[in-house]
Amino acid sequence: MKIFLPDNSIIELDEGSTARDAAAAIGKGLAKAAVAAAVDGHQADLSKPLRDGDSISIITADSPEGLEIMRHSASHVLASAVLDIYPGAQLGIGPAISDGFYYDFLLPAPISESDLPRIEERMRDIAKARAPFQHRRLSRDEARRLFEDQPFKLELIEELPEDEEISVYTDLKFTDLCRGPHVPDTGRVTAFKLLSVAGAYWRGDENNPMLTRIYGTAFPSQKELGEHLERLKEAERRDHRLLGRQLDLFHIDEEVGAGLPLWHPKGALIRKIIEDFWRDAHLGSGYEMVMIPHIASVDLWKTSGHWDFYRENMYSPMDIEGQQFIVKPMNCPGHIKIYKSRTRSYRELPIRWAELGTVYRFERSGVLHGLLRVRGFTQDDAHLFVRPDQIQEEIIGIIKFVLYMLRIFGFKEYEVYLSTRPEKSVGDDAHWEQATEALRVALEEVGLDYEIDPGEGVFYGPKIDMKIKDALGRAWQCTTIQVDFNLPERFDVTYVGEDNAEHRPIMIHRALLGSLERFIGCLIEHYAGAFPLWLAPVQAVMLPVADRHLQYVEQIATRLGQEGIRVEIDYRKESVGKKIRDAQLEKIPYMLVAGDKEEDAGTISVRLYSDGDVGARPVEELVGDMMREIGEKS
RNA sequence: GCCGGUGUAGCUCAGUUGGCUAGAGCAGCUGAUUUGUAAUCAGCAGGCCACGGGUUCGAAUCCUGUCACCGGCUCCA
């Protein structure tokens with residue numbers, strides 16, 4: 001029979017040949033590297049018999065698909081091992097994920113990470129046994145009987161569509177419900193490591209029982225596995241919580257409260273630089289600044305709908321002379337009140353009001369995470385009041401603005417989501433649809449790739465979210481753009497139109513960086529604490545070789561200070577080596593060494609954090625170089 | 001909130017099966033050294049062993065409650 005290959009060539013095989021035979025016919029090396037095949041575009045086991053006219057491509061473990069298949073097989077090996085060691089274990093699911101795989105179990109007794117080596121060892125035995133992954137199709141009844149003591153599997157079987165065949169795979173002794181495909185045998189799961197154990201609700205629902213999830217990773221070779229583990233270690237070194245302490249940027253104090261960061265001078269300075277840049281950028285882009293108080297009467301939150309729809313995230317009211325007040329979880333009602341302080345004309349719109357507005361939200365204790373998830377944070381918030389005919393253009397403007405901002409801070413990779421109407425929401429369908437459409441068109445217009453996140457909108461409207469990743473690859477939502485027909489209605493917000501009649505504006509809520517806390521947390525990890533010159537809290541440190549050079553060094557520091565360069569002098573009676581080491585650990589971009597040579601020549605020796613010693617240069621040249629670099633924000 | 005883990009000096013960590021006055025390095029302070037591109041030397045000080053109960057002749061160590069942190073789940077900027 002004839003089999004077509006990806007390069008359009010044809011091979012001739014005997015009747016009843018399998019994908020494995022095809023691989024062998026193409027080449028010995030390929031047959032050895034093959035983990036699965038794609039037959040007519042569908043992934044299949046190598047043991048799959050081929051039919052005349054099939055087109056086939058061989059999948060190897062070094063392709064993304066192959067790696068995923070191999071990791072999925074690794075999760076079966078894990079389940080095998082766990083079942084061996086903990087006979088009563090019940091099985092959940094065990095998929096491949098972006099950096100590895102996991103499997104969920106309901107275990108007879110809790111386990112901890114110290115149990116992983118033992119499981120790993122058993123996995124190695126199973127791998128060594130090179131047990132084939134055998135595929136079988138079962139009737140529904142057979143499957144029910146096979147998994148009679150596996151309630152989670154039974155639940156999955158019941159949910160498979162009636163007409164779908166039930167497919168199982170067996171390796172060594174263990175049989176699992178699985179669509180496949182799998183590597184040919186357990187021996188193909190070579191380089192793997194179990195990483196952590198965690199709790200996970202069955203099917204991700206907190207009303208369901210909590211299972212024990214074991215995470216692991218697997219690679220085609222030990223070398224790649226080693227590299228990956230090295231990357232994980234490197235990511236740990238970039239952790240903003242660690243760098244926050246090392247660089248003395250912030251801390252979170254138990255006695256102050258969980259999720260309530262305290263900014264130290266250097267952290268506060270970085271924040272100030274970002275805030276200044278942000279304000280200037282906004283004032284230069286048609287925004288005006290507003291400011292509102294941190295607490296407001298509970299009546300305001302009843303009008304806004306937050307009392308009904310957002311109360312579980314709000315802190316309890318406080319009593320002030322018999323009146324109830326609430327710490328604000330959002331800034332929008334305040335901005336609306338400013339709008340409503342007088343009548344507005346259609347000529348004023350769009351109104352763009354921005355504020356670095358601090359809000360407080362209740363977050364469950366288990367979700368707090370350094371600066372990335374806190375209970376009090378400052379949003380780089382703005383609310384736009386627009387006429388219906390302006391909405392599209394304004395959203396496009398916002399998207400362009402955010403892309404500009406993210407580029408300045410060096411973020412090139414982000415995920416974009418369009419979140420649609422959630423279950424718990426207000427407003428009529430027509431408005432929701434109109435708003436969602438406006439967001440979609442804007443995304444297309446700007447040419448951003450995005451995914452739909454169904455049901456993830458806010459209670460008052462759909463939104464565009466942009467997420468950036470931390471050092472470990474976890475995505476954090478920063479940018480958000482939300483269209484809102486609801487609040488203008490609730491507050492009876494109006495403008496007087498050309499026709500002298502009252503009309504309802506539409507509100508756009510947006511935060512570009514999201515919150516300064518989260519954004520700076522991501523920024524620290526992004527730069528691994530080595531901030532570019534314009535953001536560095538200390539831009540240069542003067543390192544005199546001996547005390548007799550102090551006067552010269554002070555002169556230069558004064559000169560740099562005149563240009564607004566943030567410079568410190570290391571007055572300590574320490575060796576130059578020590579001073580350099582400490583400056584290097586503080587990740588100060590410019591280390592400026594001056595001794596007799598420099599003083600005589602009127603120069604300064606420059607050592608860059610990033611490049612080491614780059615030699616001496618005249619002081620004015622240095623000033624020019626630094627000012628240029630600061631101006632470029634690079 | 002849930003599952004598992006962790007909590008010893010400012011930081012990183014030791015601390016045997018419960019038993020002497022809880023140790024070390026770094027940081028800090030004092031003194032000496034005036035130093036040329038990632039650590040000069042010496043001394044001193046620093047601890048309610050997260051917090052509260054309990055078991056015990058005796059608890060950093062065992063039990064228990066609370067809090068915080070870490071990894072996840074769920075939830076969100």
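In what follows, chains carry the letters A, B, and so on, assigned in the order in which the sequence lines appear, proteins first and then strands, with residues in each chain numbered from 1. These numbers come from a predicted model, not from an experiment. The figures here come from the full heavy-atom set of this structure, side chains too, leaving out hydrogens, waters and symmetry mates.
Ranking B:U40, B:U37, B:C67 by closeness to the A:Glu254 side chain, first place goes to B:C67. In the set B:U35, B:G4, B:U12, the nucleotide with an atom closest to the side chain of A:Arg245 is B:U12. Distance from the side chain of A:Arg581 is smallest for B:A39 among the nucleotides B:U34, B:A68, B:A39.
Between A:Leu550 atom CG and B:U35 atom P there is a gap of 13 Å when expressed in whole angstrom units. Regarding A:Glu599, its CD atom lies at a distance of 18 Å from the P atom of B:U34, rounded to whole Å. Taking atom CG of residue A:Leu585 and atom C1' of nucleotide B:U12, one finds them 14 Å apart after rounding to whole Å. Across the protein-nucleic acid pair, A:Arg572 atom CZ and B:G28 atom C1' stand 12 Å apart, rounded to whole Å. Taking atom CG of A:Asp253 as the reference point, atom P of B:C11 lies 11 Å away to the nearest angstrom. For A:Met591 and B:G36, the CE to C1' distance is 15 Å, given to the nearest whole Å. Atom CD of A:Glu236 and atom C1' of B:C70 are 11 Å apart (whole Å). Summarising the geometry, the separation between CD on A:Glu574 and C1' on B:C29 is reported as 13 Å, rounded to the nearest angstrom.
Atom C1' of B:G47 sits at a distance of 14 Å from the matching atom of B:C11, rounded to the whole Å. Nucleotides B:G58 and B:A22 are separated by 16 Å at their C1' atoms, to the nearest Å. Taking atom C1' in both B:A39 and B:G25, one finds a spacing of 12 Å when rounded to whole Å. Taking the C1' atoms as reference points, B:G15 lies 14 Å from B:A9, given to the whole Å. Nucleotides B:C13 and B:A60 place their C1' atoms 15 Å apart, quoted to the nearest Å. When the P atom is used for both B:A45 and B:A14, the distance is 26 Å, rounded to whole Å. The P atoms of B:U30 and B:U35 are separated by 23 Å, rounded to the nearest whole Å. Spacing between B:U33 and B:C41 at atom P, rounded to whole Å, works out to 16 Å.
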Go through it in stages, so that I can follow the logic: the residues are A:Met507 and A:Asn486, the test is side-chain contact (heavy atoms from CB on, under 4.5 Å), and I'd like the CA-CA distance, side-chain angles, deciding distance and then a yes or no. CA-CA 8 Å; A:Met507 272 179 84; A:Asn486 181 251; over 6 Å; no
Under the criterion ring-ring contact (aromatic ring centres under 6.0 Å, His included), I'd like the reasoning laid out for A:Tyr103 against A:Phe101: C-alpha separation, chi angles, the key distance, then a yes or no. CA-CA 7 Å; A:Tyr103 213 112; A:Phe101 60 91; 9.2 Å; no
Candidate pair A:Phe277 and A:Phe409, rule ring-ring contact (aromatic ring centres under 6.0 Å, His included), full reasoning: CA-CA 11 Å; A:Phe277 164 71; A:Phe409 289 103; 5.7 Å; yes
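Both distances falling under 3.5 Å, in either a Watson-Crick or a G-U wobble arrangement, occur for no nucleotide opposite B:U56. Both distances falling under 3.5 Å, in either a Watson-Crick or a G-U wobble arrangement, place B:A42 opposite B:U30. B:C13 is paired with B:G23 under the criterion used here, namely a Watson-Crick or G-U wobble arrangement in which both key atom distances are under 3.5 Å. B:U6: Watson-Crick or G-U partner is B:A68, with both key distances under 3.5 Å. Pair check for B:G36 finds none; no Watson-Crick or G-U wobble contact set falls under 3.5 Å.
Between A:Ser112 and B:G4 there is no side-chain N or O to OP1 or OP2 distance below 4.0 Å. Checking the phosphate oxygens (OP1, OP2) of B:A27, a side-chain nitrogen or oxygen of A:Lys578 falls inside 4.0 Å. Distances shown here put a side-chain N or O of A:Ser575 below 4.0 Å from the OP1 or OP2 atom of B:U40.
One finds a salt bridge joining A:Asp596 and A:Arg548 here, because a Lys/Arg side-chain nitrogen approaches an Asp/Glu carboxylate oxygen to under 4.0 Å. Residues A:Glu312 and A:Arg361 are not paired through a salt bridge, judged by the lack of any N-O separation under 4.0 Å between the basic side chain and the carboxylate.
For A:Lys573 against B:U34, a side-chain N or O and a base N or O form a donor-acceptor pair under 3.5 Å.
Looking at heavy-atom distances under 4.0 Å, A:Gln246 makes no contact with the nucleic acid at all. When heavy atoms are screened at a 4.0 angstrom cut-off, A:Lys597 is found touching base atoms of the nucleic acid. If you check every strand for non-hydrogen atoms under 4.0 Å, A:Asp596 touches a base. A:Ile111 comes within contact range of the sugar-phosphate backbone alone, with a heavy-atom separation under 4.0 Å but no base atom that close. Residue contacts for A:Ser114: at a heavy-atom cut-off of 4.0 Å it reaches no nucleic acid atom on any strand shown.
A pairwise comparison of heavy atoms in A:Thr358 and A:His294 identifies CB-CE1, 3.7 Å as the closest pair.
For an aromatic pair to be called close, the ring centres must be under 6.0 Å apart, and A:Trp353 with A:Tyr287 fails this.
Two residues, A:Ile252 and A:Phe362, neighbour RNA chain B, and the one matched to the more 5' nucleotide by heavy-atom proximity is A:Phe362.
For the 3.5 Å distance criterion, the side chains of A:Thr378 and A:Arg271 qualify, holding a donor opposite an acceptor. With 3.5 Å as the limit, one finds no donor-acceptor pair spanning the side chains of A:Gln379 and A:Ser515.
In this structure, A:Gln584 CD and A:Arg607 CZ are separated by 4.5 Å, a value rounded to the nearest 0.5 Å.
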Walk along nucleotides 71-77 of chain B from 5' to 3' and tag each nucleotide B, S or - by protein heavy-atom contact under 4.0 Å, base first, then sugar-phosphate. BBBBBBB
